[in-house]
Amino acid sequence: MKLALWTYEGPPHVGAMRVATGMQGLHYVLHAPQGDTYADLLFTMIERRGARPPVTYTTFQARDLGSDTARLFKDACAEAHARFRPEALIVGASCTAELIQDDPGGLAEALGLPVPVIPLELPSYQRKENFGADETFLQIVRALARPAARTPEPSCNILGPTGLGFRHRDDVAEIAGLLREMGVAVNVAAPMGARPSDIARMGAAWFNVLLYPETGESAARWCERELGQPWTRTVPIGVGATRAFIAEVQRLAGATAEPDASRLRLPWWSSSVDSTYLTGKRVFVFGDATHAMAAARVARDEIGFEVVGLGCYNREFARPMRTLARELGLEALVTDDYLEVEAAIAALQPELILGTQMERHIGKRLGIPCAVISAPVHVQDFPARHSPQMGFEGANVLFDTWIHPLVMGLEEHLLHMFREDFEFHDAAGPSHHAAHAVPLARAAAAPPPAAGAGSIPGPAAPPEMPPEVSPEPEPAPRGPAEVVWLADAETELRKIPFFVRGKARRNTEIFARDRGIARIGIDTLYEAKAHYAR
Amino acid sequence: MNAPLAPPPARGCRDTPVLKERGQREVFCGLTGIIWLHRKMQDAFFLVVGSRTCAHLLQSAAGVMIFAEPRFGTAILEEKDLAGLADANDELDREVARLIARRPDIRQLFLVGSCPSEVIKLDLARAAERLSVAHAPHVRVLAYSGSGIETTFTQGEDACLAAMVPTLPATDAPGLLVVGALPDVVEDQMRALLAALGIASVATLPARRADALPAVGPQTRVLLAQPFLGDTLAALERRGAVHLPAPFPFGEEGTTRWLAAAAAAFDVPAERFAAATDAPRARARKAVAAAAAPLAGRSVFFFPDSQLEVPLARFLARECAMQPIEVGTPYLHGAILGPDLDLLPEGPALSEGQDVDRQLDRARAARPDLTVCGLGLANPLEAEGLATKWAIELVFSPVHFYEQAGDLAALFARPLRRRAALGALRGQPEAGDPA
Ligand code: SF4
């Protein structure tokens, strides 16, 4: 038993739903109680889909237990087939149905339906959403894909994009365009956008492009073994990775065409003088392993940040994550407990967080700006505009979205200069980002929202609802109990702009502790400042 | 002096045959009630004993991460808990002890059963007794089930309140007990109205804090603020309390008749009743009239969601001139909803339970002007050209009593106003979406 307050991943059958909902012509019959239908709203509300997920839930009730839940499942299967006429069915159990052991695969098989029926075994009490998506896609590919004659011209499949994926829609468009410019045709992109009949012809591609290892790696490995298709190892997030990806594709396709890089702006945007202020900004990076590792590289090599913390919530990828963290001189944080992530962020006091929606909320509480780089997703992560993370345009998007929460270069200097000015007071925050840094005093003074009184918005509620700002004042001085801030030093500290104050506080405490200073005065503060001056 | 209330319709819906459906249901389970119950009971923690699915449901229903450390969580069962119940109980005791140590502000702990805990027959009532003893007197531990195999959405609140009834102190004093969680601001308005009627002793269940629990006994008169509280009412009746049947306090008429039921039970003189209600009734009528213009003459179709459907349909039909086509509800409690059914003019079909694909077929055939449905159905129906209202907003927003009557009408009117505002701009989802 493990206490969870908020989770990064849903159960494995939600992963299966992400595959089914991304595809067309496929239907999922899920043995599950009525409450599990909540998962539909993830797709209809967060992703704004205009159709219900292709899922039939059996919605068995207590009175059905011990009598005939198996019959219920068979009826649901037969009715789903009759109503939706899918090309193939996937069948499985959610956590509750797993306990009653009705064997959905066997029951569906016994119906003798005229379409392939693919049973899913997803251990709900051991595994999570990403595993569920990866395993479901693998089973579909195994059941349907067959060796085939290669296309005459170079071609590949794109593997991994799913429903409810973080920017999958835009990444696929971006990378398909890149491949086209290189003279490589996309044979099938799957699971998102593919039909079972498309999966069947995957074998015609020369190789596979794996965009999302979390949801597509098992299928890529299977295709390598059974269909003789090599697959790309580089996920093209950032300039360096995109270039390495292009080289990999050229090797696999024997293609010589160079894609058009004239639209790539990140290198100049990063080199131009306004970006000088980004140098060495301390960032904390957390997300799924693929996005977090890519973000750490981009942050260090392409924006000039200093990565002070790095981790992921999916243990399946702990090994490469730890390797990269060591390369950066860090210890990777591999956990799905958001309280641990919050503690790490609070201790490190970074100037920017690159994280998930969970870290965005942590950042709000701690007064640290955050840009979102990874699932779990929120309605905000499905913008109307094209906004990929991958390829050349993706690199441009990364620059814009990561820099946006920060105070601008010249603005930072003005804040220093006029820090006592009423318009530049602490809580004003970046001028272009009004909702950021809600004055803490006001948040603290606001009464807690009334019970049930609109304080609980639906998933599509405005993301910047004031109640999200927890009524807590700025975190109390942290550090060992023996270090005390004297009142005048505390006052002086408050004159330092809010966006560097956390760092100043932390550095001063470390400086004091290292020297056995128990009481921090103004002098200690400025001695520490001189010590840490770069 | 206000106009008298409109007379009931010649024929209401009390005798309308109910279509009972037993197919696929597209509704939340009772765990969802935790989202509002934990806000109402500010010293309570709700610990679901369940699976990752249960945790994910709560997170998805809460929509965004609102609180740093919310006062609800899920003890996620793992493989080894399923293997042996003895171990599961030990694990539960350990998690609870850890939780109580970390959250000294918690005075009430609810162990909330889920489908997995019910299926493996983990006895949470026994666990609650054991843990109550272990953590007395600081924390009281109760158990109820919010599982999807037993409860639908708002029934979770019913199960929670029903579990509290046996712990309420006894009394022989007369008093009014209002049952059902209301937003604090609405509860305060209600108390002011009842005070103006001269009803001195008014208590609420749930109370805001553990030390303010209401007492109950044979002189207790019960008014339900929500229609989904059948089990709680039965438990109170077992303690001797007497139910005051009334329409639910939505809109000017519903609120007036609800208050009238209290007034009759406590012998409030007619002049006093008029003095207390005339002004807010006039305000409510005005507010509804101002908001309801887009609703007049339009048809409405309810998918089952919260059990609020019948009283809301009555409000829309009688005060907003709408025409209900179908009123679907997860469970139709005849005795509790009788007064509302009497007022709902004959015409709409009533359905209980669900077979979602068939109900969608009926809605498509009827092409209602407004469809009230869950979040999983709303955008797909919009994509088919139907205007929708999210049912969940009716549960999460303050909608009871006079001062919210206009807001309630406005909630229904907004989707229609929005359509009018967007005019010819009818968006369609991407072609890539599965049809
Ligand atoms: S329906 Fe059952 S398993 Fe699903 S979330 Fe509700 S209690 Fe948990």
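Protein chains get the first letters and strands the later ones, always in sequence-line order, with residue 1 at the start of each.
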Donor-acceptor check, side chain of B:Arg52 to backbone of A:Glu129, threshold 3.5 angstrom: yes or no?
no
Find the one option among A:Leu65, A:Thr56, A:Leu72, A:Asp36 whose heavy-atom pairs under 4.5 Å with chain B are most numerous.
A:Thr56
Residue from A:Gln34, A:Gln61, A:Glu9 scoring the most non-hydrogen pairs under 4.5 Å with chain B is A:Gln34
Which atoms form the tightest heavy-atom contact between B:Gly376 and A:Thr44, and what is the distance?
O-CG2, 3.2 Å
At a 4.5 Å cut-off on heavy atoms, which part of B:Ser114 comes close to chain A: side chain, backbone, both, or neither?
neither
At a 4.5 Å cut-off on heavy atoms, which part of B:Val119 comes close to chain A: side chain, backbone, both, or neither?
side chain
Quick check on the interface: out of B:Ala181, B:Ala383, B:Ala75, who has the most heavy-atom pairs with chain A under 4.5 Å?
B:Ala75
Please tell me if the side chains of A:Lys128 and B:His56 come closer than 4.5 Å, counting only heavy atoms from C-beta onward.
no
Go through the atoms of B:Arg208 and report whether side chain, backbone, both or neither lie under 4.5 Å from a heavy atom of chain A.
neither
Chain B contact via A:Thr7 - side chain, backbone, both or neither, heavy atoms under 4.5 Å:
both
Which of A:Asp40, A:Asp75, A:Asp64, A:Thr59 touches chain B most, by non-hydrogen pairs under 4.5 Å
A:Thr59
Shorter than 4.5 Å, heavy atoms on both sides: which option in B:Leu77, B:Leu99, B:Leu31, B:Thr151 has the most such pairs with chain A?
B:Leu77
B:Val186, part contacting chain A, at a heavy-atom distance under 4.5 Å
neither
Do A:Thr37 and B:Arg25 pass the side chain to side chain contact (heavy atoms under 4.5 Å, CB included) test, and can you show the C-alpha distance, the side-chain angles, and the key distance before you say yes or no?
CA-CA 8 Å; A:Thr37 60; B:Arg25 301 163 67 106; over 6 Å; no
Rounded distance (nearest 0.5 Å) linking atom CD of B:Gln59 with atom CH2 of A:Trp6
6.0 Å
So A:His13 and B:Thr53, side chain to side chain contact (heavy atoms under 4.5 Å, CB included) or not? Walk me through it.
CA-CA 9 Å; A:His13 71 260; B:Thr53 312; 3.5 Å; yes
Step by step, work out the side chain to side chain contact (heavy atoms under 4.5 Å, CB included) result for A:Leu42 and B:Ser60.
CA-CA 7 Å; A:Leu42 304 172; B:Ser60 308; 3.5 Å; yes
Looking at B:Leu37, B:Leu92, B:Val49, which has the largest count of heavy-atom pairs under 4.5 Å with chain A?
B:Leu92
Could you go through B:Asp357 and A:Arg52, starting from their C-alpha distance and side-chain angles, then the distance that decides it, and tell me whether this counts as salt bridge (Lys or Arg N to Asp or Glu O under 4.0 Å)?
CA-CA 11 Å; B:Asp357 285 309; A:Arg52 295 169 64 211; 2.9 Å; yes
Let's test your reading of the structure: which of B:Gly73, B:Ala378, B:Pro116 forms the most heavy-atom pairs below 4.5 Å with chain A?
B:Pro116
Identify which part of B:Glu95 has an atom lying under 4.5 Å from any heavy atom of chain A, answering side chain, backbone, both or neither.
side chain
What option among B:Lys80, B:Gln428, B:Glu150, B:Glu26 has the most heavy-atom pairs under 4.5 Å with chain A?
B:Glu26
Decide side chain to side chain contact (heavy atoms under 4.5 Å, CB included) for B:Asp361 and A:Arg83; before the verdict, give the C-alpha distance in whole Å, the side-chain angles of both, and the deciding distance to 0.1 Å.
CA-CA 11 Å; B:Asp361 291 343; A:Arg83 180 177 278 269; 2.8 Å; yes
When the 4.5 angstrom heavy-atom criterion is applied to A:Phe43 and chain B, the contacting part is neither
Which distance, rounded to the nearest 0.5 Å, do you find between the CG of B:Asp90 and the CE of A:Met1?
9.5 Å
With the side chain counted from C-beta on, respond yes when B:Leu47 and A:Leu3 share a heavy-atom pair under 4.5 Å apart, and no when they do not.
yes
Name the member of A:Ser124, A:Ala76, A:Cys95 that forms the most heavy-atom pairs with chain B at distances under 4.5 Å.
A:Cys95
Out of B:Leu375, B:Asn379, B:Ile392, which one pairs with A:Leu41 under the side-chain contact (heavy atoms from CB on, under 4.5 Å) rule?
B:Leu375
Between A:Ala51 and B:Pro380 the two heavy atoms that sit nearest each other are C-CG, 3.6 Å
Would you mind telling me which of B:Glu118, B:Gln354, B:Glu91, B:Arg94 has the largest number of heavy-atom pairs within less than 4.5 Å of chain A?
B:Glu91
Heavy-atom cut-off 4.5 Å, strictly under: side chain, backbone, both or neither for A:Glu47 against chain B?
neither
When every non-hydrogen atom of B:Leu57 is compared with those of A:Gly35, the smallest separation belongs to CD1-O, 4.0 Å
Search all heavy atoms of B:Trp390 against all heavy atoms of A:Met45 and return the closest pair with its distance.
CZ2-CE, 3.3 Å
State whether the number of non-hydrogen atoms from other residues, nucleotides or ligands found under 6.0 Å of B:Arg358 atom CZ is greater than 12.
no
